[in-house]
Amino acid sequence: MVNFDSITLLKALDYFVLSIFAICIISGFVKGMFRTTYNLVVFVGLILLGWFLMPAIIEFILDYDFSFLNLTINGSTLTTFRETIPAIVGSLDPTIGSLMVEGTETYTLIFALVFSAARLILMLVWLLLTLTVFKFVFWIIYLIIRPRRKDAQGNLKKKSSASRFGGAIMGGAFAFVITVLVAIPFAGLTSIGNSFGEIAGNEMTVSYHFKAATTNGYLFLEEKPENPLSEYEEVFKFMSQFRGASLLGQVGGIGKTEDGEGSSIDEVLFDQLLEFKYGDVQVELRKEIKTMASVYAKVYNATGGNVNMSTISNLDSDLLDSLVGEISTLQILNVIAPVAIEYVGNNEEIMGQLSEAGLSQEDIHQIIEDVKKIDIAAEIGTIASAVVDLGKSGLFDQQEEGEENNIFTTLLNADSAMLGSAMDKLGGLGLADMIGSFGANAILNGPFFEQLLVEFGISKEEINLDGIDWGSEIANLGGIIETLQNMGLVIREDGSLDFTNLTTDGIADFVDELFKSTLLANNTKIIVATVKEALPEEVQDFIQVDDLTGEDFKSILEVGSIIASHMDKETGQIAFEELLKSEDAAKLGNAIEKSDAMAKTIEETMGKILENVGINIKFDDFDITNIDWGKEVVALGAIMTSLEKYGLKFGAESVSFNINNFTTVEIENMVDTLFTSQILSKNTKVLMQAIKDMVPEAYKNQVEVKTMTAADVKEILNKLRS
């Protein structure tokens, strides 16, 4: 526990300020108006002179040759500071060393910081000289110019009451100036610390110790019995009370209104001392640190110390908007971004990794130039707002221990409105194209994606990234996710996807939204491969195309959904006979008719379907030219349903079948039904083999397997009757 009494220190500061005023006023009263005014003007004048001369003084010092000192700093011999500083900084990191040349972002930032630090140090030195050497010099000047102390008769003149009271007033003014100077460091530190102090006074039960959840990788704050900043409560009390409860704070705080608005003298001077300029960006460190501290304190207090994306996203909307607004004012972000990107672009190790991801030095330099044109602080504010929306959508919700959600589960359960809002905000970023292009190259050239392409049978050269507006692509994701949720996908208990409840309208909306994306529309092979991967293995065999249009994709999803609904979940077997005899046969036919690609798929898998329903002839021998596969699927189902009425079944001897039990009309109707199949009517050898399979053994030798017309088949069957 820190032994610190805020009240005692505040009182001590009050006594200190009162002492300054008392000494200065008494001194002014004794010295009179002229001398006190002279001292005040000289003191203030020297301070102002030092401030305005400081840039020139710093430039002189930076270029002055100190070689005569034979001084070595961190392995670098001191010549001029402008030459030696890059060498000293470069010795700390090879990448920074390579960037310490005039014209780079790093060089500009380092010397901006050097200039700011030098100005602070030299102003302190100047103040010390003002109180010592300069004071002595101007005391001598005063002795020369001071009014005569004796009258014409040689008698000492007495100071008039006006002179003494004027001196007392000027002494008070002198005390005011000194008090403001003393208040400057207090003003800066207490302004920053007061933001952190908002945490110290609250009852918390957390610490900064992070603990990883066993399997899901989330981090959460481990609970502790007391507030981590509580032992510094008195320090923060002093900081919060400095401005209003101390004379030093009140004197230095002139200019600030009662509600805390406006800028006080001491804070303005503190900012002037510690600010630095980076190009057109002016960074006032106190304000930047105060803003960051304020944002953190508000989040910390509002979440009860349990700071994570889930708790942040559940905060009050007005508070979140306020926090995002504060973050957007941070000018330091406009400094960090281009310098960080430049560092990345010149770090051999990182650049090697980026080169593998397809980015060149020219790409990095272009990104730096683009970043410099963007208000990064405002962009970060937008990103923060988007991340909050993502949190509200449930995307960052922590799982229970042992629970593992895949990406589909997360997206299907997320709040689509908040996801859409987040994507709209991210899509509107000036950084969107850079992030999108960078991310696409990184993913495309990453080992995981390369392995995925190999599994999908797609080469990297086939990926088309031409003409892509990455902002629009990102914004479009919200609509894609919303229509994905409305399509009818269901997550089973084992985490697998159930496609059996997809609706035609839901599929149409999803695919239409999907194909608004230039990226996806240009790379439909990846869509097909991804969908095939998500479908059950048994259904994947029926997706024989690797490229498609929007209508093709709708057809594939509908066909996959219908087939999946007739699959045994335990064995994985698909009940084709049941499918073809059900009402779903018509749906399947309609879905197939929508797409030439799907018709091609059915064409290539029809042999497997017919084998499953018992027609034991190689499909390779079939004449399948100009088949309307949508109608054919419906016809096969109708044939199977019709044949059952006659006790017939494909691929098995129908023991209850007796040709003599049927009338001529019934036989002719049965044959007409069989000939509704384009396949069977074009391949009557297959039909005759099917009939031979169905009739009892006694009749088989009377059925000849050859090409026939419907009339020929009717004639044979009527002969069998007789």
Side-chain angles (χ1 to χ4, degrees), residues 6 9-21 23-24 39-55 57-58 112-132 134-135 171-197 235-257 260-277 282-294 331:
S6 60
L9 182 57
L10 288 169
K11 286 182 178 179
L13 287 176
D14 286 346
Y15 294 143
F16 176 70
V17 172
L18 290 172
S19 299
I20 292 175
F21 272 89
I23 293 171
C24 289
N39 289 340
L40 176 60
V41 170
V42 167
F43 182 77
V44 173
L46 285 172
I47 296 296
L48 293 175
L49 179 65
W51 179 260
F52 288 112
L53 285 178
M54 204 52 63
I57 294 172
I58 293 172
L113 294 174
V114 167
F115 187 91
S116 179
R119 181 176 55 198
L120 175 61
I121 294 169
L122 291 176
M123 278 306 298
L124 293 174
V125 172
W126 186 270
L127 179 61
L128 182 62
L129 291 173
T130 298
L131 296 173
T132 55
F134 295 158
K135 183 178 181 180
F174 207 151
F176 173 79
V177 172
I178 294 172
T179 302
V180 169
L181 293 177
V182 173
I184 290 174
F186 283 95
L189 296 175
T190 58
S191 174
I192 296 168
N194 192 30
S195 297
F196 282 112
V235 176
F236 291 118
K237 277 185 180 179
F238 166 75
M239 291 179 172
S240 64
Q241 296 169 357
F242 169 76
R243 180 63 71 201
S246 71
L247 288 174
L248 185 62
Q250 292 170 7
V251 172
I254 292 176
K256 211 176 210 32
T257 60
E261 298 299 322
S263 300
S264 62
I265 299 174
D266 50 11
E267 288 180 353
V268 169
L269 293 174
F270 185 91
D271 291 338
Q272 291 289 313
L273 285 169
L274 289 180
E275 73 175 8
F276 69 90
K277 289 185 178 179
Q282 182 168 310
V283 180
E284 296 178 352
L285 290 176
R286 179 192 65 85
K287 290 183 178 179
E288 300 288 295
I289 298 172
K290 179 178 173 59
T291 298
M292 289 187 281
S294 174
Q331 293 303 307

Between CZ of Phe176 and CD1 of Ile265, what distance do you get to the nearest 0.5 Å? 4.0 Å
Could I get the full list of side chain to side chain contact (heavy atoms under 4.5 Å, CB included) partners for Thr179, not counting sequence neighbours? Val17, Ile20, Phe21, Leu248, Val251
Leu269 side, atom CG; Ile184 side, atom CD1 - distance, nearest 0.5 Å: 4.5 Å
What heavy-atom pair brings Ala183 and Asp266 nearest, and what distance separates the two atoms? CB-OD2, 3.7 Å
Once you round to the nearest 0.5 Å, how far does CD of Glu275 lie from CD of Gln282? 4.0 Å
Is any side-chain heavy atom of Leu128 less than 4.5 Å from a side-chain heavy atom of Val125? no
Testing Glu288, Arg286, Lys287 for side chain to side chain contact (heavy atoms under 4.5 Å, CB included) with Lys290, which one passes? Arg286
Stepwise side-chain contact (heavy atoms from CB on, under 4.5 Å) test for Phe134 and Leu127: CA-CA 9 Å; Phe134 295 158; Leu127 179 61; over 6 Å; no
Check: Trp126 side chain, Trp51 main-chain N or O, donor-acceptor pair, under 3.5 Å: no
Dump the intermediate steps for side-chain contact (heavy atoms from CB on, under 4.5 Å) on Leu247 and Leu13, then the final yes or no. CA-CA 7 Å; Leu247 288 174; Leu13 287 176; over 6 Å; no
Minimum heavy-atom distance Ser246-Leu10, with the two atoms named: CB-CD2, 3.8 Å
Looking at Ala175 and Cys24, what are the two nearest heavy atoms and their distance? CB-CB, 3.7 Å
Can you tell me how far the CG atom of Leu120 sits from the CE atom of Met123, to the nearest 0.5 Å? 9.0 Å
Name the residue from Leu53, Leu129, Ile57 that meets the side chain to side chain contact (heavy atoms under 4.5 Å, CB included) definition with Leu122. Ile57
What's the spacing between Ile23 CD1 and Leu18 CG if we round to 0.5 Å? 11.0 Å
Side chain to side chain contact (heavy atoms under 4.5 Å, CB included) involving Val44 - partner list, sequence neighbours excluded: Leu40, Leu48, Val177
Is there a donor-acceptor pair closer than 3.5 Å between any side-chain N or O of Arg119 and the backbone N or O of Phe276? no
